[in-house]
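Let me begin by presenting the structure, written as structure tokens, before commenting on it.
Predicted model only: the values in this text are computed from it and were never measured.
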Amino acid sequence: MNETAIEPTRPVPDIKASAVTYRRSKKTSRRVILIDRAADLIITWGGLAVIATVFAIMAFLVWVVVPLFTGGDVVGEARYRVADFPQPNLLLTLEEENALALALSSGGLLQVFHPGTGRMITTIGLDLAAPIAAVGRTLSGDDIALGFADGSVRLGRIAFVPSTLTASAVPEGLTILDARDRTDGRAAFSIVPGNQFRRVEPMAQFEPPQQIADAGVAIAHLAYRIAGTVERPTQALVTVDALGKVRLGTARTKKNMLTKKETRTVSAVDLPPFPGEVAVVGLLLTERADQVYVGLADGRIVRYSTVDPKAPVVTEIRRVVPEGVGLTALGFLNGEQSIVVGGSDGSVSIWFRLPDPSAGTADRLALTRARVLEPHGAPVVAFEPSRRTKTFVSLSADGEAVVRHATSEQVLFRLTAGAEPGRGSALALAPKDDGVLAVAADGRAARWLLRMEHPETTWGTLFGRVWYEGYGAPDYTWQSSSGTDTFEPKLSLVPLVFGTIKATVYSLLFAVPIALVAAIYTSQFVHPGVRGAVKPTMEMMAGLPSVVLGFIAALILAPIIEAWIAAVILAFATLPFALLAAAHLWQLLPQRLALRLDGMPKLALFAVVGAIALYAAYALGPAFERAIFAGDFRLWTAGAVGSDLPLMTLIAFPFVFLAIAALVTRLFGARLEAWRRAVTLRWSGVGEAARWAATLVASGIAAYGVAVMFDALGIGVRG
């Protein structure tokens, strides 16, 4: 009998006895609670701080912008009587910091007084052989020409000489004028920050007289200008004598830098007489001495062209006030491009000299009224322009002084001088546009201290059409800066807003199709291995600030694109064409080979195709520029060469292509799809390529037809 061995069973371990019990505390650590509370506080207060910062930025922007539209304020006013005010007064001027005022009488007496109180400071007597009959000065205000009753003229300067002193250097015993100013009877001392004093003293220097008019014939009106450089200044003056003779004189000075010797060449020429025996109201001369304006009391301006000093001619005679209204005030604004005209009816207007082929003038230019400002209630008797801006002040016979800004056309201040009608005989505007002084013939004076930070800014200048100096018509213009300060600020925001919208639309036309197609291709068609590298790269690029990208593009790409603009435009055609052609050719490959090359090899091959397309655009760029832009893109954009048809055809092409492709798909899509399924993959690719080529040809013909239609309607790319 066989015995079967029985394997002893292994003892079963006692699970309850051998199991190790682990108990985890469910109580949250105090450190975690503190971190959580700290994070909650940081996030909460950080969010509130961000919101508060945004509101603070908004408040700051409002605080900065609101003063642009607040106009100005009268911060100080004084009324007094100037003792022994010179009569007749020929010149009234203010010092830069409103510490001194100066008046000149026909007898050559310079009276210097304090504009805030009217107290006399000093009197300077000029050594003159004859009474002063006329005064002319430059727009800067310091260079003066005096015309005398004997027909002579003296050139010189009447200015204020400033200096800075410490408190210990100030003389003792100064007379107190007001809280800021003191005087020693010759100069004014003004307290300035830093425990210092600003000393201002009047100065008058004149050259020997020069005979301009015939001996004994008084100079009735005078205009004076200085041009050129410091080494070679050119002084020009035009005079009208008591007999109505108009004469232009120029003096050119050359200074030898080694010997310091000066050589002066003086020339004079008589201008043709103006028609009729009419009283002259004003006389203007440009800095280059190429234009002379004579304002007549009957409301006409006679314009002389003195471009050729040897052959001056009367170029134009223009009535600048309505019939029956007299011309009472005439003057240049800063820059000598605008002429301010005041009438006996209180009207104030601004005139430009603009091209006008229909005017019939020799230089094909004509005076054109560009602006009509708010009128006075009485005849305009005085006019004073700003030395820095387009601000000016006009005074009427009833004693009303109106401060305006020519560009914005707004009235900044209406000031009542208090003088009797017709008695306001002298007017001065401070060099910094912060003070106005009006003095009547009997010495009654009114002085105002003004604060006007942005007189050029209104809703009209920011968003409306403005007629700027030198422009043929009102327009939207932005010019952030200019070569000199004499030109008008051009602050229209319309070009900036429209330019931003236009740039955005043009950018979207290119960016949206590329972005959508790239996103679809990356998410649906690209190999997973390629997607893993491309997607993070695109996400990182999306995180770059657009301002930084734009800055880099402006510095690096813009000069390149400007030099190769035709090639860049052509690349938008060659690149998609090459990629589509490569995609159709890819379908002709054997399926096994296409699957083997999928992924990175396929991406590398398409990168090579893209490089070839870009090189083709570079190589074909000059020929493309000749065909589309008549050989010069810049001249084409200016409208000097070529037509809009070629570029209009290219712009219409993609839209026409999409329309024809959609139409073919709608009409023949089902049949083509059935045919593709019935043939091999290779023949399917050939059929798709043929359909694509036929659509391209048909789209080109149709796009040209669309361009011809737009051209017939007068709609062009350059417009």
Are a donor atom and an acceptor atom from the side chains of Asn334 and Ser386 found within less than 3.5 Å of each other? no

Would you indicate whether Arg414, at its atom CZ, is surrounded by more than 12 heavy atoms from other residues, nucleotides or ligands within a distance under 6.0 Å? yes

With side-chain hydrogen bond (donor to acceptor under 3.5 Å, both in side chains) as the criterion, how do Glu488 and Thr407 come out once you've worked through the C-alpha distance, each side chain's angles and the decisive distance to 0.1 Å? CA-CA 7 Å; Glu488 292 177 292; Thr407 305; 2.7 Å; yes

Set out, in order, the CA-CA distance, both residues' side-chain angles and the distance that settles side-chain hydrogen bond (donor to acceptor under 3.5 Å, both in side chains) for Gln235 and Tyr224, then state yes or no. CA-CA 8 Å; Gln235 297 168 308; Tyr224 180 47; 3.1 Å; yes

Is a side-chain donor-acceptor pair under 3.5 Å present for Asp345 with Ser347? yes

Excluding sequence neighbours, so at least two apart, what forms side-chain contact (heavy atoms from CB on, under 4.5 Å) with Thr461? Ser408, Thr458, Val466

Verify the distance criterion only: is there a donor paired with an acceptor across the side chains of Thr239 and His221 at less than 3.5 Å? no

Can you confirm whether more than 12 heavy atoms, excluding those of Arg81, are under 6.0 Å from its CZ atom? yes

Here the pair of heavy atoms bringing Gln410 nearest to Thr457 is NE2-O, 3.8 Å

CA sep, side-chain torsions, deciding dist, call: Leu110, Thr123, side chain to side chain contact (heavy atoms under 4.5 Å, CB included): CA-CA 6 Å; Leu110 285 171; Thr123 301; over 6 Å; no

How close do Gly299 and Val321 get, counting heavy atoms only, and between which atoms? CA-CG2, 3.4 Å

Please name the pair of heavy atoms, one in Ser344 and one in Pro379, separated by the smallest distance, quoted to 0.1 Å. O-CG, 3.1 Å

Given the options Asp178, Asn98, Asp181, Ser190 meets side chain to side chain donor-acceptor pair (under 3.5 Å) only with Asp181

Partner residues of Phe160 under the ring-ring contact (aromatic ring centres under 6.0 Å, His included) criterion, sequence neighbours left out: none

At their closest point, which heavy atom of Leu296 faces which heavy atom of Val281, and how far apart are they? C-CG2, 4.0 Å

Does Ser394 form a side-chain hydrogen bond (donor to acceptor under 3.5 Å, both in side chains) with His376? I'd like the steps, not just the answer. CA-CA 9 Å; Ser394 56; His376 284 273; 2.7 Å; yes

With a 4.0 Å cut-off, would you call Asp214 and Lys245 a salt bridge? yes

Which atom of Ala134 lies closest to which atom of Ile219, heavy atoms considered: CB-O, 3.7 Å

Quick check on Arg119: does its CZ atom have over 12 non-hydrogen neighbours (other residues, nucleotides or ligands) under 6.0 Å away? no

Are Glu409 and Arg465 within salt-bridge range, i.e. N to O under 4.0 Å? no

What heavy-atom pair brings Val393 and Leu427 nearest, and what distance separates the two atoms? O-CD2, 3.7 Å

Under the side-chain contact (heavy atoms from CB on, under 4.5 Å) test, which residues partner Thr361, sequence neighbours left out? Arg303, Thr315, Glu316, Ala359, Asp363

Results of ring-ring contact (aromatic ring centres under 6.0 Å, His included) for Phe69 - residues two or more places apart only: Trp459

Full working for side chain to side chain contact (heavy atoms under 4.5 Å, CB included) between Val402 and Phe413: CA-CA 6 Å; Val402 178; Phe413 303 97; over 6 Å; no

Does one side chain, of Tyr293 or Arg353, offer a donor that lies under 3.5 Å from an acceptor on the other? yes

Test of understanding: with side-chain contact (heavy atoms from CB on, under 4.5 Å), list the residues that count as partners of Glu201, not counting sequence neighbours. Arg186, Ala187, Arg199

When you look at CZ of Arg369, are more than 12 heavy atoms from neighbouring residues, nucleotides or ligands closer to it than 6.0 Å? no

Could Lys390 and Glu469 be called an ion pair, given the rule that one side-chain N must be under 4.0 Å from one carboxylate O? yes

Just wondering, do Phe189 and Thr183 contact through their side chains at under 4.5 Å, heavy atoms? no

Would you mind reporting whether Val348 and Arg404 have side-chain heavy atoms less than 4.5 Å apart? yes

Residues forming a ring-ring contact (aromatic ring centres under 6.0 Å, His included) with Phe383, sequence neighbours excluded: Phe392

Ignoring hydrogens and geometry beyond distance, is a side-chain donor-acceptor pair present between Ser152 and Gln211 at under 3.5 Å? no

Side chains of Asp290 and Thr306, donor plus acceptor under 3.5 Å: no

